[in-house]
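Step one of this worksheet: look at the structure below.
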Amino acid sequence: MNLRQDEAVDDIACRPAQPHDLAAVAELRWRWVQELYGTPDSTLDEFVPRFMAWARDADSSHRCMVMVRDGVVIGMAWLAITQRVPHPRAFERMSGDVQCTYIVPDERDRGLGGELIEAVLAWARDLGLERVTVHSSDRAVSAYSRHGFKVSPRLLQVEMGQGRAG
């Protein structure tokens with residue numbers, strides 16, 4: 001789907017989040033958890049300032065891309081950047097992980113998530129990341145596959161059972 005053809009009458013931008021976007025991004029994260037798991041333990045008013053502080057503190061390792069329509073943040077995707085152990089042929093090494101890709105329900109199934117995925121992958125290429133991974137929801141696997149993600153027989157994980165991931 002070509003976003004610009006289908007949404008030509010709307011003012012849509014996909015860009016790195018700015019400090020003034022963080023409250024809206026925090027609200028998206030809270031609403032996403034509410035959508036999937038029910039009412040969160042913390043209120044929205046409690047969560048937003050804590051999330052904003054976290055985002056400011058984590059800006060060297062976690063970068064947020066936002067989708068904005070007519071000045072309103074309607075989607076987000078995070079790129080978590082991890083330094084890798086140096087290699088004799090490449091001392092400076094980094095990899096990335098796409099996290100928290102979310103589009104508000106009323107805007108889904110229009111290709112906006114794909115636009116976010118592409119923007120994050122372009123960012124990763126610009127940063128020279130070796131690889132990018134994602135832990136996807138069942139619903140989004142096909143979207144990530146369309147944008148070049150493949151199942152890897154060597155990427156393994158163990159569930160530690162700690163925390164309440166969402």
To the nearest 0.5 Å, what is the distance between [atom1] ([X]) and [atom2] ([Y])?
X      : Y      : atom1 : atom2 : result
Trp30  : Arg50  : CH2   : CZ    : 14.5 Å
Leu155 : Lys150 : CG    : NZ    : 14.5 Å
Leu112 : Tyr102 : CG    : OH    : 13.0 Å
Leu116 : Cys64  : CG    : SG    : 8.5 Å
Arg93  : Arg131 : CZ    : CZ    : 7.0 Å
Leu28  : Met76  : CG    : CE    : 5.0 Å

Hydrophobic cluster membership, with links at side-chain heavy-atom distances under 4.5 Å among I/L/V/M/F/W/Y: are [X] and [Y] in one?
X      : Y      : result
Tyr37  : Ile103 : yes
Trp54  : Met52  : yes
Ile117 : Leu127 : yes
Val134 : Val141 : no
Val104 : Val72  : yes

Under the criterion side chain to side chain contact (heavy atoms under 4.5 Å, CB included), I'd like the reasoning laid out for Trp123 against Val132: C-alpha separation, chi angles, the key distance, then a yes or no. CA-CA 11 Å; Trp123 214 353; Val132 176; over 6 Å; no
Between [X] and [Y], is any pair of side-chain heavy atoms under 4.5 Å apart?
X      : Y      : answer
Leu79  : Ile81  : yes
Val33  : Phe47  : no
Gln34  : Pro40  : yes
Trp78  : Arg29  : no
His62  : Gln99  : yes
Glu130 : His87  : no
Thr82  : Asp97  : no
Val120 : His147 : no

Among Val73, Leu22, Leu44, the one residue meeting side chain to side chain contact (heavy atoms under 4.5 Å, CB included) with Glu27: Leu44
With distance as the sole test, does Gln18 use its side chain to make a donor-acceptor pair with the main-chain N or O of Pro16 at under 3.5 Å? yes
Keeping the roles fixed (side chain from Arg15, backbone from Val66), state whether a donor-acceptor pair exists under 3.5 Å. no
Using a strict 4.0 Å threshold on nitrogen-to-oxygen distance, state whether Arg108 and Glu35 make a salt bridge. yes
Taking 4.0 angstrom as the limit, do Asp106 and Arg69 come out as a salt bridge? no
List the atom of Thr101, the atom of Trp32, and the distance in Å for their closest heavy-atom pair. O-CH2, 3.8 Å
State whether the number of non-hydrogen atoms from other residues, nucleotides or ligands found under 6.0 Å of Gln83 atom CD is greater than 12. no
